[in-house]
K.L.:
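The structure's right below; bear with me while I get my questions together.
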Amino acid sequence: MCASCLCGSAPCLLCGCCPSSRNSTVTRLVFSFFLLLGTLVSVIMILPGMEAQLQKIPGFCQGASTIPGMENQFNCDVIVGYKSVYRMCFAMTCFFFLFSAIMVRVQSSKDPRAAIQNGFWFFKFLILVGITVGAFFIPDGTFHTVWFYFGVVGSFIFIVIQLILLIDFAHSWNKTWVGNAEEGNSKCWFAGLLSFTFLHYALAFTSVVLFYIYYTQPNDCTEHKVFISLNLIISVIISIVSILPKVQEAQPQSGLLQASLISLYTMYVTWSAMTNNPNRKCNPSLLSLVSNVSSSEPTPTSAPGQVQWWDAQSIVGLVIFLFCTLYASIRSSSNTQVNKLMQTEEGGSYGGEGEVGEDGVRRAVDNEEEGVTYSYSFFHFHLCLASLYIMMTLTNWYQPDTTTQAMQSSMPAVWVKISSSWLGLGLYLWTLLAPLMFPDRDFS
């Protein structure tokens, strides 16, 4: 029974606990599990004490670097975790990119490639393990420098995708609760919508105040002042636009709940960007904020030869990543604009009970015989970008510094995150204004 699940073409791994599972949902969940498993391995590789074990890999640290200017000059205790995460995420990126290329233009489950997409999990796992093992034997050369910029570009796109998923989640949330309010007990549901909207705005406004207090200086940190002010202004604009009578007439489901959630996420991205500023006067460590230590004094994060892989923004980033990854796997949206952006079709009802084969194994319902419900290729490309985002998040967007033999934050990370927040806000504003600008088109 297990062999048919692992090697066959019909997924049944989750049918025991989800007997009404659909083929498309089960497949996305299993691929997402592969990504989460790789993320867990990457996290373990940067845990304190693991550097001693990783250094036992022949040639992985001492005497292995061919990076110009770094031959045997770097601190193995610092660089080995960085190298391990890069190689693990490189393997996951290659794995998902391979499937993205293979699954281009699959139209239905009748396509022979659909059998590869929806089954043969054991062999897929072996492929991922094989790529991972091979990645650890890649010569250094310029690998880390080049792959850093791949990570920057991929993370930029993934942050925008995260915002699109949050927009879709907020739309679905608002539609469901408004629908429940119209069916009965309207006061309770509308009170819930109002409470969450107020909470989101309160957190966003509190964040802005704290940003001005701790991440700006009277005569310094001009970039931070611009970032905070500009994103605050744009958040106010999208909130006002979302409740304009014309917009409400064209899109009855638009409202302040979506705008408040997007505003809060924008403030998170702004904070995440500012924490990557190498200027310690504009980027105090969380420890210094808690203990009221001056940001100009040395902190553990600025000590040569030491590196802080984990900080508050990295942890929050991982939580949002986990939510968006799981939501992308099970989402069933009726938002046409988001479906077009995410290459998915409008969600339908769940299938019936899972089918039981002659071997007694319960399998998921094949709901893609007439046509796929999501783009196989784009889904894998999304996971490919997610792998790059995880790589940058776990390494805190650091780059090796050949002079201090430490890991340093960099301004490219700041601009990538801020620009992605602007692009995301622009996309949300477009979803509000597009029906008014092009009334002849269907944006429902």
Side-chain angles (χ1 to χ4, degrees), residues 159-212 227-272 313 316-317 319-324 326-328 331-338 341 420-436 443-444:
I159 291 173
V160 175
I161 290 177
Q162 278 192 146
L163 184 55
I164 293 174
L165 290 171
L166 285 175
I167 292 173
D168 179 57
F169 171 73
H171 274 295
S172 300
W173 182 6
N174 184 74
K175 182 179 180 180
T176 301
W177 282 28
V178 169
N180 292 338
E182 292 175 350
E183 292 177 1
N185 197 11
S186 59
K187 292 183 179 180
C188 179
W189 290 107
F190 281 124
L193 285 173
L194 182 62
S195 299
F196 277 101
T197 300
F198 176 78
L199 177 63
H200 294 158
Y201 276 125
L203 291 174
F205 179 75
T206 303
S207 301
V208 170
V209 174
L210 294 176
F211 294 163
Y212 277 120
F227 297 157
I228 299 168
S229 301
L230 191 56
N231 280 350
L232 174 60
I233 293 172
I234 299 176
S235 296
V236 172
I237 291 174
I238 65 172
S239 298
I240 295 174
V241 171
S242 67
I243 56 174
L244 290 176
K246 289 290 186 180
V247 173
Q248 287 285 308
E249 182 181 346
Q251 294 195 80
Q253 297 301 327
S254 69
L256 289 177
L257 177 65
Q258 297 94 313
S260 66
L261 185 59
I262 300 309
S263 299
L264 180 59
Y265 178 74
T266 299
M267 293 308 152
Y268 157 70
V269 176
T270 305
W271 171 53
S272 179
Q313 69 92 5
V316 174
V319 171
I320 296 176
F321 156 78
L322 291 173
F323 168 79
C324 289
L326 292 176
Y327 181 69
R331 65 183 293 273
S332 178
S333 177
S334 59
N335 189 307
T336 305
Q337 297 179 67
V338 175
L341 288 170
S420 65
S421 71
W422 293 338
L423 179 58
L425 288 170
L427 285 174
Y428 179 64
L429 189 61
W430 168 256
T431 64
L432 296 175
L433 297 178
L436 299 179
F443 291 97
S444 60

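For the single chain, residues carry numbers from 1 onward in sequence order. The analysis underlying the following values was restricted to heavy atoms, covering all of them including side chains, and did not include hydrogens, waters or symmetry mates. For clarity, every value in this text was computed on a predicted model and none was experimentally measured.
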K.L.:
Where the side chain of Ser172 meets the backbone of Asp168, is there a donor-acceptor pair that is under 3.5 Å apart?
P.N.:
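Yes.
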K.L.:
For Ser260 and Phe198: C-alpha separation, side-chain torsions, deciding distance, then whether side-chain contact (heavy atoms from CB on, under 4.5 Å) applies.
P.N.:
CA-CA 8 Å; Ser260 66; Phe198 176 78; over 6 Å; no
K.L.:
Tell me, do Leu193 and Trp189 make a side-chain contact under 4.5 Å, heavy atoms counted?
P.N.:
no
K.L.:
Nearest 0.5 angstrom please: Thr206 OG1 to Leu264 CG, how far?
P.N.:
10.0 Å
K.L.:
Measuring from Leu232:CG to Phe227:CZ, what's the distance to the nearest 0.5 Å?
P.N.:
15.0 Å
K.L.:
Checking side-chain contact (heavy atoms from CB on, under 4.5 Å) for the pair Trp177/Phe196: CA distance, chi angles, key distance, verdict?
P.N.:
CA-CA 12 Å; Trp177 282 28; Phe196 277 101; 3.6 Å; yes
K.L.:
Could you check if a side-chain atom of Ser235 sits within less than 4.5 angstrom of a side-chain atom of Ile262, using non-hydrogen atoms only?
P.N.:
no
K.L.:
I'd like to know whether Thr266 forms a side-chain contact (heavy atoms from CB on, under 4.5 Å) with Leu425, so could you lay out the CA-CA distance, the side-chain angles of the two residues, the decisive distance to 0.1 Å, and finally the verdict.
P.N.:
CA-CA 8 Å; Thr266 299; Leu425 288 170; 3.3 Å; yes
K.L.:
Could you tell me the separation between the CH2 atom of Trp422 and the OG1 atom of Thr270, rounded to the nearest 0.5 Å?
P.N.:
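If we round to the nearest 0.5 Å, Trp422:CH2 and Thr270:OG1 are 9.0 Å apart.
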K.L.:
With rounding to the nearest 0.5 Å, note down the distance linking CG in Leu436 to CD in Glu249.
P.N.:
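Rounded to the nearest 0.5 Å, the CG-CD separation comes out at 8.5 Å.
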K.L.:
Once you measure the plane-to-plane angle for Trp173 and Phe169, does it fall in the parallel (<30°), tilted (30-60°) or perpendicular (>60°) bin?
P.N.:
tilted
K.L.:
A quick test of your reading: do over 12 heavy atoms of other residues, nucleotides or ligands sit less than 6.0 Å from OH of Tyr212?
P.N.:
yes
K.L.:
Less than 4.5 Å apart, side chain to side chain, heavy atoms only: is that true for Ile159 and Tyr265?
P.N.:
yes
K.L.:
What orientation do His171 and Tyr428 show, parallel under 30°, tilted 30 to 60°, or perpendicular over 60°?
P.N.:
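Answer is tilted, since the angle falls between 30° and 60°.
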K.L.:
Run the side-chain contact (heavy atoms from CB on, under 4.5 Å) check on Val208 and Met267 step by step: do they pass?
P.N.:
CA-CA 7 Å; Val208 170; Met267 293 308 152; 3.6 Å; yes
K.L.:
Kindly compute the distance separating CG (Leu432) from NZ (Lys246), expressed to the nearest 0.5 Å.
P.N.:
16.0 Å
K.L.:
Considering only heavy atoms from C-beta outward, does the side chain of Ser242 approach that of Leu256 to under 4.5 Å?
P.N.:
yes
K.L.:
Looking at every non-hydrogen atom in both residues, tell me the closest pair between Gln258 and Ala170 and how far apart they are.
P.N.:
CG-CB, 3.6 Å
K.L.:
Less than 3.5 Å apart, any donor N or O on the side chain of Tyr268 or Ser421 sitting next to an acceptor on the other?
P.N.:
no
